[in-house]
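Each remark here refers to the structure printed beneath this line.
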Amino acid sequence: MAVEKTTFCRICENQCGLRVQVENDRIIRVLPDDEHVASHGYACIKGLKLENMRASPDRITTPLKKQNGTFVPISWDQALTEIGAKVRALRQRHGNNSVGVYYGNPVSFTFLIPTFVNGFAKGLGTAKVFNSGSLDCNNKFVVSQQMYGAPLALTFPDVPRLQFLVIIGANPAVSKTSFINLPAPMEQLRAIEARGGRVINVNPRRTETAHKIGEHQFIRPDTDAFFLFAFLNEVIRQGGVDRERVAAHMKGLDQLTALAAPWTAERQAEVTGIDAEALRRMVADYLAADGAALYASTGINQGSNGTLAFWALEAINAISGNLDRLGGTLVGRGIVDFTKNSANVDVEFRSRVGNVSSFLGALPVGLMADEILQPGDDAIKAMFVFGSNPMITATRCERMGQALESLELLVSVDMVRSATAEKAHYILPGTHFSERPDIPFLFFSMGGMMPVPWFQYTDALVRPPGECRDECWTLARLGQVCRAPLFGSRIFQGLLNLGGHLKRWPVLGPRLTPMPERMLGLLLRVARLGGLTKMRRYPHGMRLADHPGNDFLGKRVATADGKLDLAPSVLLEQARQRLEPAFAKALQQRDRLSLITKRERYTHNSWAHNDPIFVKGSGGSNHLHMHPADARQRGLSEGQQVRVSSAAGAVTVAVTLDEDMMPGAVALPHGWGHQQAPGLSTASRTGGANANVLAADGPDALEPLSGMAQFNGILVEVTAAEDAARAA
């Protein structure tokens with residue numbers, strides 16, 4: 001008989017509530033949880049189809065070892081013994097930094113696994129840690145650290161109360177909302193207009209969001225910094241500075257004003273395509289609104305100056321009086337105040353290639369191939385990849401493949417044989433989020449990045465199939481066999497090891513174990529939420545206290561003097577070095593095509609392409625979206641195969657004529673290109689190409705402060721594929 005259980009999704013930041021019907025360790029139906037305290041019956045198609053991924057016929061259910069180019073099943077004992085021996089030998093011969101660790105979004109949206117991954121890296125004593133932050137969001141952490149004194153003092157728009165919202169480089173209708181827990185985002189955006197407010201979408205493409213809600217303003221890719229500094233200049237020029245609030249809680253306004261002064265509305269129009277008067281009206285309406293916010297996502301994060309652009313955005317919200325007010329932007333407390341607890345936590349170290357700084361304990365992914373391929377002391381010889389697929393998601397992926405193939409040891413911990421796992425020496429079977437106990441994503445559960453604060457605990461819904469193990473179990477065993485005690489603590493590692501021999505406390509026993517539950521229960525008690533017994537009484541989530549507003553400035557800003565720094569010296573220096581050369585380059589290259597990446601409704605990064613339902617819904621391939629005028633100029637027609645080339649690489653895809661594109665801009669959905677993954681029976685047969693082949697890697701290609709790679713605003717040439725073939 002089927003049993004209904006409640007849980008929440010862990011695909012994206014929205015973490016919508018779900019009702020799941022379970023029978024014989026199978027999920028037979030998934031529905032939105034209409035009683036959930038935050039999502040109120042909303043869930044997207046990706047969350048509702050979670051069983052398709054969990055029960056995929058391609059699911060790995062036993063450890064695999066590559067022998068003579070073929071993967072063969074082996075036991076956990078054999079896999080762990082051989083991996084441990086190899087790691088110990090490499091560390092003894094080449095040092096701790098010869099071993100690298102990488103983890104990405106599929107495990108980042110859970111709570112314990114990223115903690116254990118970092119604990120494993122600390123036990124190894126390696127500085128070669130990489131995560132997906134340098135691919136999509138590190139710029140926001142950098143700005144928060146510089147302005148507010150803590151990298152996790154992250155702001156978010158108070159969508160349920162604001163009256164005016166400018167969305168830059170985001171598409172909530174498809175991608176939901178990054179760095180804000182906002183279930184049913186389109187309903188909440190419609191509510192802004194219903195109460196008399198306005199929404200403006202600024203994007204090189206008229207997005208699905210813009211078609212459904214608000215107004216749209218085209219902007220040329222990778223010119224966001226010039227638009228935002230001109231916006232900032234106009235706020236100051238139009239008298240929009242809340243002088244009293246700035247004087248009481250901020251510093252650096254004079255330096256910020258001087259920096260913004262050259263960026264007039266007319267000047268930014270030369271490269272952005274946004275008319276000067278249109279910008280002035282937008283600023284005037286922003287200032288006139290009773291509660292307003294600028295909000296940006298990966299569209300600006302992944303440009304060449306994402307950190308400077310986001311700094312200008314944060315400064316606008318701050319000096320206009322919209323920061324730390326209900327109906328503006330907020331800095332949540334959550335169950336733990338990350339503003340206070342993340343200050344001064346980062347220990348900086350430098351890469352051996354390019355002398356690039358780490359950030360939040362990780363090096364840029366754009367350096368990973370170099371750190372493997374370039375000979376020398378501390379070159380990476382072994383990599384552990386947890387729940388991630390850098391062969392698809394990282395920069396210049398063909399070179400990444402060469403790097404992974406050159407390793408003496410590559411261990412992939414995953415559910416399926418992805419393109420990355422295909423190059424591994426060992427694949428260890430991981431779990432689906434429905435097979436693990438959990439609490440909401442770290443930043444939201446602990447940091448409070450929710451307009452409607454809530455919290456929830458979920459038990460595992462089903463047992464993992466076959467020999468699959470919870471990743472925390474796997475990491476604990478790896479710490480043991482590699483002689484790399486988790487978190488560098490022999491006591492903690494000893495307790496984990498001991499648990500494997502005590503049947504009455506089977507911490508490391510088979511299948512699901514109480515160890516993650518015990519750790520989450522302890523955490524809940526420390527957070528004064530009452531432990532697991534109490535949290536299980538809230539199957540639809542626990543509603544937490546509303547944001548009070550006015551509780552950040554003057555109270556929780558973590559800078560040395562407690563004042564928000566509008567003009568940090570590091571950011572000022574970067575702006576002086578980079579803005580003018582970038583503007584000159586943008587002027588010179590206005591007539592060239594500029595590429596952005598995009599998401600689609602039926603895919604999610606590189607995750608969903610092995611599900612036949614999603615592949616069918618997305619047409620089985622990605623296409624280059626191009627304005628008809630740009631296509632005519634190049635003699636191209638609908639459906640024609642074209643070669644898209646950048647300084648880093650080239651791909652061949654079909655072109656789709658799209659009047660929603662700004663002339664001069666083209667868009668290619670990312671996450672495709674699984675033809676090198678024969679273990680994915682559906683994805684390997686899809687068409688399309690990997691957009692990230694076009695993105696450059698290496699130290700010179702990265703934004704200096706954040707270490708982020710550029711995926712938006714890549715200059716490209718688009719020609720008919722047959723012409724390119726003849727020319728070759």
Side-chain angles (χ1 to χ4, degrees), residues 5-20 33 35-39 43 47 50 54 103 105-119 131 152 154 156 176 179-183 332-338 341-342 386-387 430-462 464 470-473 475-476 486-487 507 512-545:
K5 302 181 181 183
T6 57
T7 188
F8 53 90
C9 185
R10 272 144 283 171
I11 290 177
C12 77
E13 286 101 322
N14 286 351
Q15 309 223 286
C16 302
L18 300 173
R19 292 179 181 270
V20 180
D33 183 358
E35 297 182 63
H36 193 269
V37 294
S39 56
L50 65 88
R54 193 195 78 83
Y103 65 97
N105 282 353
V107 296
S108 294
F109 281 109
T110 189
F111 187 86
L112 285 178
I113 297 174
T115 305
F116 269 56
V117 171
N118 284 310
N131 61 48
L152 300 185
L154 298 163
F156 60 91
K176 308 305 180 280
F179 275 39
I180 172 174
N181 178 265
L182 194 71
R333 285 182 182 268
I335 61 173
V336 173
D337 187 359
F338 267 0
N341 291 307
S342 70
F386 295 90
T431 54
H432 186 266
F433 67 74
S434 63
E435 298 162 357
R436 302 187 294 260
D438 218 341
I439 60 176
F441 182 43
L442 180 67
F443 297 149
F444 305 111
S445 62
M446 309 300 280
M449 295 180 65
M450 305 170 165
V452 177
W454 62 278
F455 194 82
Q456 188 171 356
Y457 168 78
T458 177
D459 285 305
L461 305 179
V462 292
D470 185 301
E471 283 82 348
C472 291
W473 181 92
L475 283 155
L486 264 61
F487 305 101
V507 174
L512 287 175
T513 72
M515 186 259 286
E517 296 176 28
R518 290 173 182 271
M519 296 191 70
L520 292 173
L522 177 62
L523 176 67
L524 295 177
R525 291 189 179 279
V526 170
R528 300 180 181 178
L529 289 173
L532 299 184
T533 300
K534 179 179 177 180
M535 288 306 304
R536 287 185 176 116
R537 298 185 195 133
Y538 296 88
H540 309 288
M542 175 190 288
R543 184 74 161 81
L544 302 179

What pair of heavy atoms forms the shortest contact from [X] to [Y], and how long is it?
| X | Y | answer |
| --- | --- | --- |
| C9 | G47 | SG-CA, 3.9 Å |
| H540 | E35 | CB-O, 3.3 Å |
| C16 | P183 | SG-CB, 4.1 Å |

Any heavy-atom pair between the side chains of [Y] and [X] that's under 4.5 Å?
| X | Y | value |
| --- | --- | --- |
| F487 | T115 | yes |
| R10 | H432 | no |
| Y103 | E471 | no |

Under 3.5 Å: donor-acceptor pair, side chain of [X], backbone of [Y]:
| X | Y | value |
| --- | --- | --- |
| N14 | N181 | no |
| R436 | T431 | yes |
| R543 | G541 | no |
| S39 | G17 | yes |
| Q456 | P539 | yes |

Please determine whether a side-chain nitrogen of the Lys or Arg among E13 and K176 lies less than 4.0 Å from a carboxylate oxygen of the Asp or Glu.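 K176 and E13: not salt-bridged.
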How long is the span from the [atom1] atom in [X] to the [atom2] atom in [Y], to the nearest 0.5 Å?
| X | Y | atom1 | atom2 | result |
| --- | --- | --- | --- | --- |
| I11 | Q15 | CD1 | CD | 10.5 Å |
| L112 | L520 | CG | CG | 4.5 Å |
| Y457 | L532 | OH | CG | 5.0 Å |

Evaluation steps, side chain to side chain contact (heavy atoms under 4.5 Å, CB included), between F386 and L475: CA-CA 10 Å; F386 295 90; L475 283 155; 3.3 Å; yes
Can you tell which of F8, Y538, F455, W454 makes a ring pair (Phe, Tyr, Trp, His ring centres under 6.0 Å) with H36?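 Between H36 and the candidates, ring pair (Phe, Tyr, Trp, His ring centres under 6.0 Å) is satisfied uniquely by W454.
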Worked check of side chain to side chain contact (heavy atoms under 4.5 Å, CB included) between T458 and K5: CA-CA 9 Å; T458 177; K5 302 181 181 183; over 6 Å; no
Test F433 against every option in T7, L50, I113 by the side-chain contact (heavy atoms from CB on, under 4.5 Å) rule and name the one that passes.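 Of all the options given, the one that passes is L50.
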Take I180 and M449 through the side chain to side chain contact (heavy atoms under 4.5 Å, CB included) test and state the conclusion after the steps. CA-CA 5 Å; I180 172 174; M449 295 180 65; 5.6 Å; no
Before giving the answer on side chain to side chain contact (heavy atoms under 4.5 Å, CB included), spell out for I439 and L523 the whole-Å C-alpha distance, their side-chain angles and the decisive distance to 0.1 Å. CA-CA 10 Å; I439 60 176; L523 176 67; 3.6 Å; yes
